[in-house]
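For ligands, and for the atoms within them, numbers begin at 1 and follow the listed sequence.
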Amino acid sequence: MAKKHFETDAIRAQMKRSENNEHSAPVYLTSSFVFDTAEEMRAAFNEESNDFIYSRYTNPNVDEFVNKVCIMEGAEAGVASASGMAAIYTSFMALLKSGDHILSCSSVFGATHALFTKYFPKLNISHSYFNIKDPNSIEKLIKSETRFIYLETPTNPAIELIDLEFVAAIAKKHNKLLIVDNCFATPYLQQPIKFGADLVIHSATKYMDGQGRVLGGVVVGKKELIREIYLYGRLTGPSLSPFNAWTLSKSLETLTIRMDKHCENALAVAEALEKNSALENVSYPFLKSHPHYAIAKKQMKAGGGIITITVKGGYEAAKKFMDKLQMIKISPNLGDVRSIATHPASSTHCKLSEEERLSVGITPGLIRISIGLEHKDDILNDIEQALK
Ligand SMILES: *Cc1c(COP(=O)(O)O)cnc(C)c1O
């Protein structure tokens with residue numbers, strides 16, 4: 001399908017209608033598909049065929065969702081999975097072999113860090129971390145065994161950024177792949193392939209659904225890499241369910257207006273909180289005070305929906321603040337229409353040592369707030385009353 005404006009593709013990149021002429025896409029709750037002849041079934045099993053065979057492989061709803069994300073990210077091909085971690089794990093397993101090395105930013109999602117440190121050593125797959133604050137350290141850490149450079153920008157939860165074009169150029173120079181977890185930005189705000197990334201991974205659970213209902217994941221990028229990931233996934237079965245795929249494809253229809261509002265609310269709340277004397281720090285990519293403001297302006301359309309605040313008084317003060325919130329709920333999730341507060345040091349990042357946490361900007365007083373779509377004054381009022 002020809003590329004139209006982002007908003008239009010988000011709505012109009014839809015599967016072919018069935019003979020029932022439905023306007024909105026139906027859900028294909030079927031585990032398998034039938035063939036008219038033995039010959040047709042034989043032909044479908046050719047690995048180059050696009051026929052639907054079995055929903056562990058793919059399904060019309062899953063295809064619609066993947067095609068839409070490919071258009072949004074400017075990618076050649078994609079594979080969907082049951083969760084963001086399934087997309088990450090399946091991609092890694094399809095691309096890595098014993099002896100390989102991963103060069104990753106240290107501030108990766110907690111479960112990704114656990115794969116690197118707890119499970120991959122068993123497979124003789126090693127990793128090194130670079131600090132996102134120090135992009136010049138990357139090149140020195142590349143080894144001949146390095147298969148890919150892996151990163152998140154903005155990072156979770158410290159909201160630090162790295163110049164995608166800069167890292168992609170290093171990867172290219174050394175003939176390594178660049179894989180980006182683009183979950184925080186969404187394809188609406190940032191398209192890493194434009195800056196040279198080979199693969200882009202999403203937890204669709206977050207902003208893609210945006211309403212806290214379903215889990216899902218997707219990886220998009222170079223055709224030959226996606227082919228490997230698809231074949232590994234169709235054997236091992238981390239498949240996205242047709243219902244979740246339908247939900248996610250519907251959700252993407254409203255991604256742009258939701259993200260515009262998340263960003264507008266987050267910037268307004270962050271700007272107001274910068275003046276609050278109970279806080280040591282407020283971080284948001286589109287605040288002029290953000291150390292990576294120039295990078296944010298270069299590669300992101302807007303700052304996203306996540307802010308962090310650092311309360312004075314460390315963990316005790318952070319706990320008190322969290323407990324005093326009235327409307328905003330305490331939860332590990334993010335990217336929901338409802339605002340959510342998380343204390344990373346005691347929850348999502350509790351498995352890291354104190355030293356590891358501090359190196360990726362997670363101080364005891366740091367609180368991540370996923371700014372929702374409630375009225376910005378109500379979000380701000382709740383935060384301000386809890387800070388008092
Ligand atoms: C949530 C998240 C994941 C994992 O996604 P799930 O859908 O929960 O498996 C990966 N990366 C980032 C940045 C995330 O926020």
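In this structure, R147 has no salt bridge (charged side-chain N to carboxylate O under 4.0 Å, His left out) partners at least two apart in sequence or on a different chain.
Taking a 6.0 Å sphere around NZ of K298, one finds it holds more than 12 heavy atoms contributed by other residues, nucleotides or ligands.
Hydrophobic clustering of Ile, Leu, Val, Met, Phe, Trp and Tyr side chains at less than 4.5 Å, counting indirect connections, keeps F166 apart from Y293.
Taking the centre and axis of the six-membered ring of Y315, the NZ or CZ atom of K319 falls inside the cone set by 45° and 6.0 Å.
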Report all N/O contacts between ligand 1 and the protein shorter than 3.5 Å as a table of atom names and distances to 0.1 Å; if there are none, say 'none'.
residue	atom	partner	partner atom	Å
ligand 1	5 (O)	S203	OG	2.9
ligand 1	7 (O)	G84	N	2.8
ligand 1	7 (O)	S203	OG	2.8
ligand 1	7 (O)	T205	OG1	2.6
ligand 1	9 (O)	G84	N	3.1
ligand 1	9 (O)	M85	N	2.8
ligand 1	11 (N)	D181	OD2	2.7
ligand 1	15 (O)	K206	NZ	2.7

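Exactly one of F52, Y54, Y57 qualifies for a ring-ring contact (aromatic ring centres under 6.0 Å, His included) with F33. That residue is F52.
When all heavy atoms are compared, the tightest approach of S339 to I328 is O-CG2, 3.6 Å.
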